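Heads up, the thing below is written out as C-alpha cells.
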2 protein chains.
Amino acid sequence: MATLKDVAQLANVSMSTVSIIVNGKAHERSISDSTIEKVMNAVNELGYAPNSNARSLRYSQANRPKIALYWPFDTRTNLLSNILTDINMQIHKNKFDCELIVKAYENDYIEKNSKEIINNSFSGVIVGGPSQKDVSFLESLETMVPIVLINRSSEKLSTVNVNSKSIALMAVNLLKQAKKDNVSVVGIKDTYTASNQRTKDFIRECKNESIKINQKNIIYAVNDFNKGIDVAKKYIMQKNKSDTIFCESDVIALSMVYYFNKKNIKIPSELSIISIGTLGSNFTKYVTPSITTINVPSDKIANQIIKILMKKIENKNDKLPAHITVEPELFVRESFPEQ
Amino acid sequence: MATLKDVAQLANVSMSTVSIIVNGKAHERSISDSTIEKVMNAVNELGYAPNSNARSLRYSQANRPKIALYWPFDTRTNLLSNILTDINMQIHKNKFDCELIVKAYENDYIEKNSKEIINNSFSGVIVGGPSQKDVSFLESLETMVPIVLINRSSEKLSTVNVNSKSIALMAVNLLKQAKKDNVSVVGIKDTYTASNQRTKDFIRECKNESIKINQKNIIYAVNDFNKGIDVAKKYIMQKNKSDTIFCESDVIALSMVYYFNKKNIKIPSELSIISIGTLGSNFTKYVTPSITTINVPSDKIANQIIKILMKKIENKNDKLPAHITVEPELFVRESFPEQ
DNA sequence: CTGAAAGCGCTTACAG
DNA sequence: CTGAAAGCGCTTACAG
C-alpha cells in the first residue's frame with residue numbers, strides 16, 4: 001500500500017504538499033497548478049489511498065469505542081436484520097457514543113476474523129448466528145475484548161438469549177386453555193447450529209403436561225419463506241393428524257397459512273396455529289387470518305447486548321461473562337381459538 | 001481521555017510495561033504481580049481505554065477503506081433495513097475488502113456528523129433517508145469523499161434511484177390491460193422528504209393515459225403498518241369510489257388488505273389493489289390474497305451503490321457524480337385481476 | 001508557494 | 001522482570 005511518503009518521493013515534493021493537495025486544500029493554500037498535477041499523477045500511478053487510522057489518530061478524533069457486529073453474510077430474512085436495526089436504535093437511546101461496524105463472516109469460518117478480534121481492534125464484539133464451530137473458536141480466543149453471543153449458550157462468553165423455556169410454557173398454556181392435547185410440530189432444519197432448542201423445549205414441556213406429539217407429526221424444514229407450502233402439503237398428507245400446529249418460525253408459518261387458506265382449511269376452527277415469531281410482530285399481524293405468535297423480542301435483545309458492552313467497556317475488571325435471558329412476548333391472534 | 005502515558009506515569013512504570021499488561025500478555029512476559037496490580041489500578045482509576053486508531057496504525061493493519069452508511073436512527077420498517085442487509089451481501093459478493101460502519105443520524109441534523117465526513121475519516125459515504133435539508137447540507141460540503149444518496153436526487157452528489165417513472169408505467173399498464181379507467185390512490189405522508197414522487201409520477205402517467213383519478217379519492221397516510229386500517233375505512237366511506245387502489249407502500253397495503261378481508265370486500269373481484277413494494281417481495285407474497293406489487297429492488301440498489309463506491313475509491317480522479325437508475329420489479333399476484 | 005519537524009497513541013524489538 | 005527508543009502514516013503550525 002502506497003503511503004504519502006511514496007507519493008511525495010515520486011512527485012518530488014514534500015509530504016506536506018501532498019497532504020494539502022490530497023485533502024483538497026490546494027487552492028486555499030495556493031499550491032501551483034504544476035505541483036498539483038505532478039502530485040495527482042503520482043497519486044494515481046501509485047493508487048494512493050490515505051490511511052484512515054493515521055488520519056484519525058492525527059486528528060485526535062474522539063476515540064470512540066468500536067463495536068463490531070459479526071453477521072453471517074447470507075442472512076437476510078431472520079431475526080438478525082431486526083437486531084441490527086435495534087442495536088442501532090439502542091446505541092442511540094442509551095447515548096452510547098460508539099462506532100458500530102458491521103462485519104460479514106461465513107459460518108464455520110469466523111476464525112478468519114480472529115486477528116482483528118484478538119488485536120483489540122474493537123472494544124466490543126457482538127456475534128450473531130454463529131455455528132457450533134464458530135462458538136468453540138471464539139471461546140478458545142485469548143482476548144480481553146468482551147464478546148457477546150446472540151441466542152447461543154456459552155460458559156466462557158457473554159450471551160443474550162430469549163428464554164426458550166418461556167416460549168414453550170406460553171405455547172403449552174395456550175394449548176391447555178384451548179383443551180388441545182395433541183399437536184403437530186414444525187421445526188427448523190439448520191446446518192450450522194444445534195438448533196431446535198426451542199422446539200425441543202416445547203416438546204419436553206408438552207410431555208410434562210401430557211400433550212401428545214406423535215413422532216410422525218413432526219416436520220422439519222429449512223427456514224425459508226417458501227417452505228411453508230411444502231410443510232402444509234406434508235401436514236395434509238399426515239395420517240392421524242392433530243388439529244393444532246406449533247411452528248418454530250413465522251417465516252415458515254406465513255406461507256403455510258397461505259396454503260391452508262388455498263386448500264380451504266379453516267383456521268382456527270379446523271386447524272389452530274401457533275408460531276414462534278422472529279420477523280417482528282407486524283408481519284404476522286395483518287395476514288388473514290392473523291397468526292398467534294410468541295415473539296423473540298429483538299429490541300430487548302439489542303438493549304441487553306448494548307448494556308452488557310457498555311458496562312464491560314466502562315469497567316475493564318468485569319471479566320465474568322454475563323448471561324442475560326430475555327422474555328418472549330405473546331401475541332394472541334386469530335390463528336388460535338380464543339379460550 | 002487517558003492515554004498509555006498517563007497510566008504509565010500514575011503507575012510509575014514504563015509505557016511498554018503498561019502496553020504488555022493491558023494486552024493480556026503479562027504472564028507470558030512474566031511481569032510481576034505487584035506491577036500488574038499497580039498498573040490495573042491506574043487503568044481503572046483513569047478509565048483508560050486504548051486508542052484503536054493508534055493500535056491499528058501500529059499494527060499496520062490492512063488499511064481497508066471505510067464505508068459509512070448513514071441511517072436515520074428511527075427507521076425500522078422500510079427499505080433501509082433491507083438495503084443494509086443487501087449492502088453487506090454485495091460487499092461480500094463484489095469481494096470489496098472494506099469496513100462497513102453504520103452511523104445513525106437524526107433527520108434534518110446530519111450536519112452534526114459533518115466533521116467526520118469532511119475529515120476524510122471514510123473512503124465513501126452512503127446516505128439513506130435524508131431529508132431535503134440533509135441533502136442540501138451534504139451538497140454544501142467541500143469534501144473529496146464520494147457520497148451516494150439512496151433514492152434522492154442531487155446534481156452534485158451521486159445517487160442511486162429506483163426508476164419512479166417505470167413504476168408508474170408498470171402500474172398504468174396493468175390498469176390498461178385490466179381495463180381499469182378510474183383509480184383511488186394511497187400516498188405516503190412524510191415529514192422529511194418532498195416524498196410522493198412515485199405517487200406524483202403515477203398520477204401524471206394516469207393522466208397521460210386518460211385514467212381517471214378523482215382528487216377526493218386520494219388518501220394520504222403515514223407509512224406505518226397499522227395505518228392501512230384507517231386508509232381502508234376512509235376508502236370505504238368514499239363516495240364515487242373506484243374499484244381499484246394504487247398504494248404507495250406495501251407497509252400500508254398489508255393492513256389495508258386485512259381490513260378489506262374483514263369487511264368481506266372481495267379482492268380482486270370487487271376491489272383490485274396494486275402496491276409499491278419496499279419490504280421485500282416475500283412479505284406480500286403469502287398474505288391472503290397475495291398482493292400485486294411493483295418492488296423497489298434493494299439488492300440492485302445496494303449493488304449499484306457498492307459499484308459506484310468501488311470505482312470512485314479506485315480512481316480518485318473520477319469526481320463527477322454518478323447517477324444510476326435501477327428498474328423496479330413487477331410481481332403480479334392475486335390482488336389484481338389477471339388480464 | 002513549499003518544506004522540515006513535531007507529535008497524535010500505540011507496540012515491539014532490543015537492551016539490560 | 002522492566003525500560004528507552006523507533007516508527008506506524010498522517011496533518012499542521014511554523015519558517016522561509
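Only a predicted model underlies this, so the values are computations on that prediction, with no experimental measurement involved.
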Round to a whole Å and report the spacing from [atom1] of [X] to [atom2] of [N].
{"X": "B:Asn51", "N": "C:dC10", "atom1": "CG", "atom2": "P", "result": "6 Å"}
{"X": "A:Glu37", "N": "C:dC1", "atom1": "CD", "atom2": "P", "result": "16 Å"}
{"X": "A:Ile20", "N": "C:dC1", "atom1": "CD1", "atom2": "C1'", "result": "10 Å"}
{"X": "A:Ile31", "N": "C:dG3", "atom1": "CD1", "atom2": "C1'", "result": "10 Å"}
{"X": "A:Arg55", "N": "C:dG9", "atom1": "CZ", "atom2": "C1'", "result": "18 Å"}
{"X": "B:Asn12", "N": "D:dT2", "atom1": "CG", "atom2": "P", "result": "12 Å"}
{"X": "A:Met15", "N": "D:dT12", "atom1": "CE", "atom2": "P", "result": "13 Å"}
{"X": "B:Gln9", "N": "C:dG9", "atom1": "CD", "atom2": "P", "result": "12 Å"}

For [N] and [X] - does any side-chain N or O of the residue sit under 4.0 Å from the phosphate oxygens OP1/OP2?
{"X": "A:Tyr48", "N": "D:dC10", "result": "yes"}
{"X": "A:Ser30", "N": "C:dC1", "result": "yes"}
{"X": "A:Ser19", "N": "D:dT12", "result": "no"}
{"X": "A:Thr35", "N": "C:dT2", "result": "yes"}
{"X": "A:Lys25", "N": "D:dT12", "result": "yes"}

- Item | Atom pair SG/CD1 of B:Cys98 and B:Ile67 - distance to nearest 0.5 Å | 5.0 Å
- Roughly how far, to the nearest 0.5 Å, is CD of B:Glu139 from CG of B:Leu141? 10.5 Å
- Message: Can you tell me the base-pairing partner of D:dA15? Count Watson-Crick or G-U wobble geometry only, both distances below 3.5 Å, and say none if there is no partner.
- Response: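 Partner of D:dA15: C:dT2.
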Which nucleotide wins on minimum distance to the side chain of [X], given the candidates [options]?
{"X": "A:Thr17", "options": "D:dC8, C:dG3, D:dC10", "answer": "C:dG3"}
{"X": "B:Ala54", "options": "C:dC10, C:dT12, C:dC1", "answer": "C:dC10"}
{"X": "A:Arg29", "options": "C:dG3, D:dA4, D:dT2", "answer": "C:dG3"}
{"X": "A:Leu57", "options": "C:dT2, D:dG9, D:dC10", "answer": "D:dG9"}
{"X": "B:Ser14", "options": "C:dC1, C:dC10, D:dA4", "answer": "D:dA4"}

- Message: Atom NZ of residue position A:Lys156 - does it have more than 12 heavy atoms of other residues, nucleotides or ligands inside 6.0 Å?
- Response: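 Check passes, neighbour count above 12.
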- Lys/Arg-Asp/Glu bridge criterion (N-O < 4.0 Å) met for B:Glu111, B:Lys133: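 Looking at B:Lys133 together with B:Glu111, the answer is no, because their closest N to O distance does not fall below 4.0 Å.
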- So what does A:Ser16 hit on the nucleic acid, given a heavy-atom distance under 4.0 Å: a base, only sugar-phosphate, or nothing? base
- Message: Looking at A:Asn23 and A:Lys25, would you say the former's side chain and the latter's main chain have a donor-acceptor pair under 3.5 Å?
- Response: no
